[in-house]
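Only one structure is covered here, and it is reproduced in the block below.
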Amino acid sequence: MKFGTKAIHAGVEPDEATGAIMTPIYQTSTYVQEAVGKNKGYAYSRTQNPTRHALEKNLAALENGKHGACFGSGLAAIDCVIKMLNTGDEVVSTGDLYGGTFRLFKTIFEKYGIKFHFVDMTELSSISEFINDKTKLIWVETPTNPMMSIIDISAMATIAKQANAVLCVDNTFATPYLQNPLDLGADIVMHSVTKYLGGHSDVVMGALVVNDDDIAKEMYRIQNSSGAVTAPMDSFLALRGIKTLHLRMQRHCENGEKVARFLANHSKVENVYWPGFEDHPNHDIAKKQMRDFGGMISFSLVGNKLEDALDIVSNVKLFALAESLGGVESLIGHPVTMTHGAIPKEEREKTGVVDSLIRLSVGIEDAEDLIEDLKQALS
Ligand SMILES: *Cc1c(COP(=O)(O)O)cnc(C)c1O
């Protein structure tokens with residue numbers, strides 16, 4: 001089955017009781033049993049719920065995986081992956097990481113004796129020095145935030161296999177429409193469903209998809225034991241959002257390219273970071289592992305003045321100044337004052353997060369209107 005057909009049909013059966021074509025919102029905590037130990041497959045909604053179950057099967061199909069699990073947020077999904085580890089284990093992680101993931105690793109799990117190494121994974125040769133016999137997990141995020149660097153997932157899978165470690169890829173920015181990490185050798189793929197999958201800025205949710213039956217067993221054990229599960233209503237909204245994922249992503253990519261090219265030709269713009277440009281440092285890897293280049297763009301300004309960037313983010317009228325990404329509406333953000341403020345200036349400037357850097361989540365409005373808005377804000 002092709003992607004668009006799966007997005008609409010995978011995991012979704014007409015309701016057995018009524019024939020309803022949309023999976024109902026099974027707003028129930030428990031299920032009446034016919035006899036002790038005899039139920040219709042559902043016993044308690046933390047463990048499983050029919051609406052969530054349909055969504056989990058749908059997500060697994062989109063990532064070409066066997067087992068899906070949904071969580072109360074993207075961070076709760078990441079929390080589940082780290083809980084598969086033991087005290088003394090080590091993790092090698094992408095350095096240019098989503099801030100919330102960094103905070104979870106450093107301020108929650110380090111105190112339980114798990115050690116994290118943050119490395120520049122675009123330099124494959126620099127990774128081996130962080131790998132030893134305690135390395136149990138390699139954590140990859142690609143494209144990275146906000147610099148849109150691309151990490152070679154197949155190469156990381158080879159490194160993980162040699163180290164006997166599990167490879168998990170945060171696929172939030174790319175979505176399964178653009179890249180499928182399990183097909184490239186990853187063991188676990190993670191999503192913040194909050195972003196493109198939900199797509200309408202109305203749900204906070206996370207997900208994991210795996211192929212391996214043993215990893216799946218651990219994943220479901222932790223999902224049920226820690227209990228950070230998704231509500232039936234939110235599962236319904238995510239299922240509904242996913243039905244148009246392929247259409248939305250197509251438009252995000254088209255608009256992303258138009259906006260990126262407009263910015264690249266603007267006299268006040270210094271650098272534009274978008275993996276579709278042939279002179280992007282990781283363009284070849286992006287072409288190899290992604291089907292298209294997405295709608296996430298960062299750019300810096302000539303003169304690199306903080307005030308200029310703040311002027312632009314407050315002068316746009318269509319782009320909304322907000323955290324998050326991946327919704328139908330376009331968003332604009334200033335990493336230095338919004339998401340990356342806690343990182344020391346020298347540290348962040350080393351990775352390119354300079355004072356004038358602006359990040360765009362290009363939505364699915366008409367590109368001409370978006371470009372018009374940026375044009376007036378830049379002048
Ligand atoms: C938003 C995001 C997360 C965290 O997801 P939440 O749903 O906000 O908990 C993790 N990784 C990436 C890349 C994200 O953009």
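If you read the sequence from its start, that first residue is 1, and numbering goes on from there. Counting starts at 1 for both ligands and their atoms, following the listed order. Every value quoted in this text rests on a predicted model; they were computed, and no experiment measured them.
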With nothing but distance in play, are any N or O atoms of F173 less than 3.5 Å from an N or O of ligand 1? no

Tell me the protein heavy atom at minimum distance from [atom], and give that distance in Å.
{"atom": "atom 1 (C) of ligand 1", "answer": "K195 NZ, 1.4 Å"}
{"atom": "atom 4 (C) of ligand 1", "answer": "Y98 CE2, 3.4 Å"}
{"atom": "atom 6 (P) of ligand 1", "answer": "G74 N, 3.3 Å"}
{"atom": "atom 7 (O) of ligand 1", "answer": "T194 OG1, 2.6 Å"}
{"atom": "atom 5 (O) of ligand 1", "answer": "S192 OG, 3.0 Å"}

Using heavy atoms and a 4.0 Å limit, tell me yes or no: is D170 in contact with ligand 1? yes

Are [X] and [Y] close enough for a salt bridge, meaning some N to O gap below 4.0 Å?
{"X": "K258", "Y": "D366", "answer": "no"}
{"X": "D79", "Y": "K83", "answer": "yes"}
{"X": "E257", "Y": "R261", "answer": "yes"}

Mind checking whether H283 and F293 have ring centres under 6.0 Å apart?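 That pair passes the under 6.0 Å test.
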
For residues W139 and F116, establish whether the separation of their ring centroids is below 6.0 Å.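 Ring centres of F116 and W139 not closer than 6.0 Å.
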
Per-atom contacts, ligand 1 versus E141 - under 4.0 Å to a heavy atom: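 Checking each atom against E141, I get 13 (C).
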
If you count the atoms of ligand 1 from 1 in the order shown, which ones are under 4.0 Å from a heavy atom of S73? 7 (O), 9 (O)

Determine yes or no for a side-chain-to-main-chain donor-acceptor pair under 3.5 angstrom, with D234 supplying the side chain and R52 the backbone. no

R240 CZ: over 12 foreign heavy atoms closer than 6.0 Å: no

Record the part of M205 in heavy-atom contact with ligand 1 below 4.0 Å; permitted values are side chain, backbone, both and neither. backbone

